[in-house]
Every structure is written in structure tokens, then in C-alpha cells.
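Proteins come first, then strands; the chains are lettered A, B, ... in the order of their sequence lines, and each starts at number 1.
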Number of protein chains: 2
Amino acid sequence: MMQEVHIPEDKKQRIIRAAMEHFAKNGYKKATMDEIVAAADISKGLIFHYFGNKKKLYLYLYEFAYGLVYDRIVKSFEREDLFERIRESEQIKLAVVSEYPYVLDFLLSVRRETDEQLREKISRVKVESFPPWKETFLPGLDASKLREGIGLEKVIKIISWTTDGLLAEHKDNFVLEDIFAEMDEYLDLMRKAFYKEEYQ
Amino acid sequence: MMQEVHIPEDKKQRIIRAAMEHFAKNGYKKATMDEIVAAADISKGLIFHYFGNKKKLYLYLYEFAYGLVYDRIVKSFEREDLFERIRESEQIKLAVVSEYPYVLDFLLSVRRETDEQLREKISRVKVESFPPWKETFLPGLDASKLREGIGLEKVIKIISWTTDGLLAEHKDNFVLEDIFAEMDEYLDLMRKAFYKEEYQ
DNA sequence: CACCTCATTGACTGTTTTGGTCAATTTCTA
DNA sequence: TAGAAATTGACCAAAACAGTCAATGAGGTG
């Protein structure tokens, strides 16, 4: 995404985070530049100087968020053990959200936009869920360690929803290490529950 | 909550549902009477004739939602078996959401309101999560059927988050029976996973 | 220091949206 | 068929909105 003006990194980051949060929470139309500017703690003129107008800011943000999430996900799916791989994947999710608390909410909110003009511009609104695991995650996974009657897809969903639940619980007071630690407790519990005795 | 004017039931329901959705999604300030009126498919004048003004509508809705959820939850915690009780509780949750898709979101959104005037009026904003299970749900539960190292509180949270995840997945195409059926699949899986062999 | 350049501000503007009103119309009741 | 009650939507003053721009500040260079 081209930018005509150079933007100091810290201000850029503040704008990105503030805009992400407000667009995620309120959608394109109801998010206002005044709020974003106040949250980013910069003057109103500056955001227009940097990004031109509201729509350009939104589209820039979309490119940014999409790239951010997919770059990290595509990597590191090497482990063979189910739980190791899930653990890694969920940790990436936590780490991304720790850096940009509203990326995932923002990418989900993009899909809800109804404004035609906007949808036209956003071609790649296909972020069904995070990660798009059916294609990239499942293949090559060894499900034989699971107990009888424990389905792999359901297990993955349960774990993913548990991460989301934990994230929501910690949203207001986000300390990455604490969440990692708590998530590991849940994963330990689930390993005991889902794996056959001999593999625990 | 007193109403000076009599309101036909079907219109009242349409207003309640529309207002719940918009207040839940957008918060008090950003939800507009025009949108609510359009979604409820009534004229603008009528909603003011019924509810006076925006704030009164919001407060009426809060009373309504709070009463609705708590009335149903307080009942029916008789079963002794962990999974039976959770199953019942989660089914109530699903049923409530099936009737009023945005009650839970609305009650959660109430807690996020920052407007002082509004918070003053809402005294009972203590809906931490649904259900407030630490007090009403845990006592008297028999956790002895769980496998070694499987904690009761974590199990309940995992199940609750799984219900939420399922709800989110079905939000757009809500068929109560389908969700019940799918939820039962997850509960079966989890019973196998969390319970000792002899109790399954 | 004097000069220039570029980053940054926030008061301001024209426009749109907002909560709320009310005269007019339709629907109900007897 | 008359009168009451329900319902409408054009209308209004006030507020909120995206975007502008003259003014100010900060930093560098000779």
C-alpha cells in the first residue's frame, strides 16, 4: 500500500491500533475519525495528512491486518503431534492478538460490512475463521493418539474456542505470559482428556 | 417498568428484538432510533409514542433482558450428574438465544457503556458471565466422575465456550434443533474425554 | 542566529444525521 | 357514521460528521 508521506513509526502504530479497535467495534460507518484521532492521541489534521481520507485508512488497515495474520499463520506447521501443533498455532494466535488486540475482530468485522463501494474494494474477504485450518492445518495430522470416539475436527474446534474464551476473559488486562500459562493448563487438561492413556 | 400506553404484543416484540440487536451491536450512543424503527418495521412516531424517548427504551430493554435471562437460569438446577446439569444449563442458554438472539450480547454490552447518566440508572450491571455459575452452579456438584487431573471449573468453562462457539457459528442461520443436535455431539465427545471409563 | 522546510495542530465549514414533534391520516369501536 | 385511538412520515433544531487550512512549532543547515 503506497503512502505519499513518511509516517513516524510510533504514530503510525498508534493510529493503526486505534483505528483497528474502532473499526472492529463499530464498523466502517459508525467509527468516526474524531474518536480514532483521540484514541491515537494525535491531531485531526495529521491523520488526513497521512492517510488522505477515511476510506483509504480503512483499506490500508485491511491490507495491513490481512498480511499480518496470514504471514504468521502460513509459517510453522511442521510438528507432527496434534497437541504440539495446536499449541503452536494457538500461541501464534495469542501472540498476534497481544501485539494487535483487535486484528482478529477487525478482520471478522470486515466481512460484516454491507457498504457496496467498500466491498468492491475488498476482494479478499474470505477469512472464514482463524486459522483456515481445514486446508492448511488438518492434512498430515496424526489423529491416532485420540481416544475412541473423539473426533479430530471437533477437538480442534473445542481448543480454538477455548483460546477465544480465554482471550475474551483477559481482554481488559492483557498479559501475554499469564495467558500462555493459563492456556497451557487447559491444554494439559485436554491432552489428558482427549489422548489415550499411553500417549499422554 | 411502567408503560403509559398499551402496546400490541407483536409490535412490542418486534421493537424489543430490533432494539436489542442494535443496542447490542452498536452501544447506546451509536444505535439510532431510525435504524431500530426500520428494523422493527414501524413508523418513527410510534416508538416515541410507546416508549417516550431513547433512554427510556434502553432502560426498559435492560429490565426486560435481565428478567428474562435470570428467571430462566434460577430454575432447574436439580440434576446431580455434572453433564446432565451442564447439558440442561447450556440448552437453556441456547433456547433463550433462540427466542431473543441478542439478549446475551445486549446484557454484555450494557456493561461496556461508559455514559455516566446511563450507568447511574443501571444499578444491577453485574452480569459477569452467563450463568453466574460460581455461586449457583458449582455447589453440590459431583466431580468424582472426572478423570484424574481434570478440574471441574475448567471443564465447565470449556463447555460454556464451546456453546458460545457453536452459537457464533450458527448465528446467521439459527435452527434450534440443529444446534441442539450438534451440541449433543460435542457433549458426547466431552463426556468420553472428561469422565472416567466406568461412568461413561 | 537567521532562514527554510516540513510536521503538526485544532478551529472552522458545509453537509448529513440525530432524537424528537406533531398535524394529518388511517383504523378501530360502538 | 361519528368520535376516539392508533399510526404515519415530513419536518425541525441541534448535534455530529468528514475533511480543510491558516497558523504554529520543531528541526535542520549555512
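Atom CZ of B:F51 and atom P of C:dG19 are 16 Å apart (whole Å). Atoms NZ (A:K54) and P (D:dG19) sit 8 Å apart, rounded to a whole Å. Spacing between atom CG of A:L57 and atom C1' of D:dG19 amounts to 13 Å, rounded to whole angstrom units. The distance between atom CD1 of A:I7 and atom C1' of C:dT8, rounded to the nearest whole Å, is 13 Å. A straight line from CG of A:N53 to C1' of D:dC17 spans 14 Å, rounded to a whole angstrom.
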Test A:E169 against B:K157 for salt bridge (Lys or Arg N to Asp or Glu O under 4.0 Å), laying out the working first. CA-CA 11 Å; A:E169 259 193 4; B:K157 286 210 180 190; 2.3 Å; yes

Check the pair A:K145 / A:Q200 against side-chain hydrogen bond (donor to acceptor under 3.5 Å, both in side chains), numbers first and verdict last. CA-CA 9 Å; A:K145 293 178 184 172; A:Q200 290 179 13; over 6 Å; no

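Under the side chain to side chain donor-acceptor pair (under 3.5 Å) test applied with A:T163, the options A:Q91, A:E90, A:K93 reduce to a single match, A:E90.
A donor-acceptor pair is defined here as one N or O able to donate and one able to accept, closer than 3.5 Å; such a pair exists between the side chain of A:K30 and the backbone of B:K30.
Judged as a side-chain contact (heavy atoms from CB on, under 4.5 Å), and not counting sequence neighbours, the contacts of A:A143 are A:L146, A:L152. The side chain to side chain donor-acceptor pair (under 3.5 Å) search around A:E113 returns none, not counting sequence neighbours. Qualifying side-chain contact (heavy atoms from CB on, under 4.5 Å) partners for B:K54, counting only residues two or more places apart in sequence or in other chains: B:F23, B:Y28, B:M33.
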Restricting to nitrogen or oxygen on both sides, can you table the protein-nucleotides 6-13 of chain D pairs closer than 3.5 Å?
| unit_1 | atom_1 | unit_2 | atom_2 | d |
| --- | --- | --- | --- | --- |
| D:dT7 | OP1 | B:K11 | NZ | 2.3 |
| D:dT7 | OP2 | B:Y50 | OH | 2.4 |
| D:dT8 | OP2 | B:S43 | N | 3.0 |
| D:dT8 | OP2 | B:S43 | OG | 2.9 |
| D:dT8 | O5' | B:S43 | OG | 3.3 |
| D:dG9 | O6 | B:G45 | N | 3.4 |

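Of the residues in residues 27-38 of chain B, not one comes within less than 4.0 Å of DNA chain D through any heavy atom.
Judged as a salt bridge (charged side-chain N to carboxylate O under 4.0 Å, His left out), the pairs with a partner in residues 41-51 of chain B (not counting sequence neighbours) are, in order, B:D34-B:K44.
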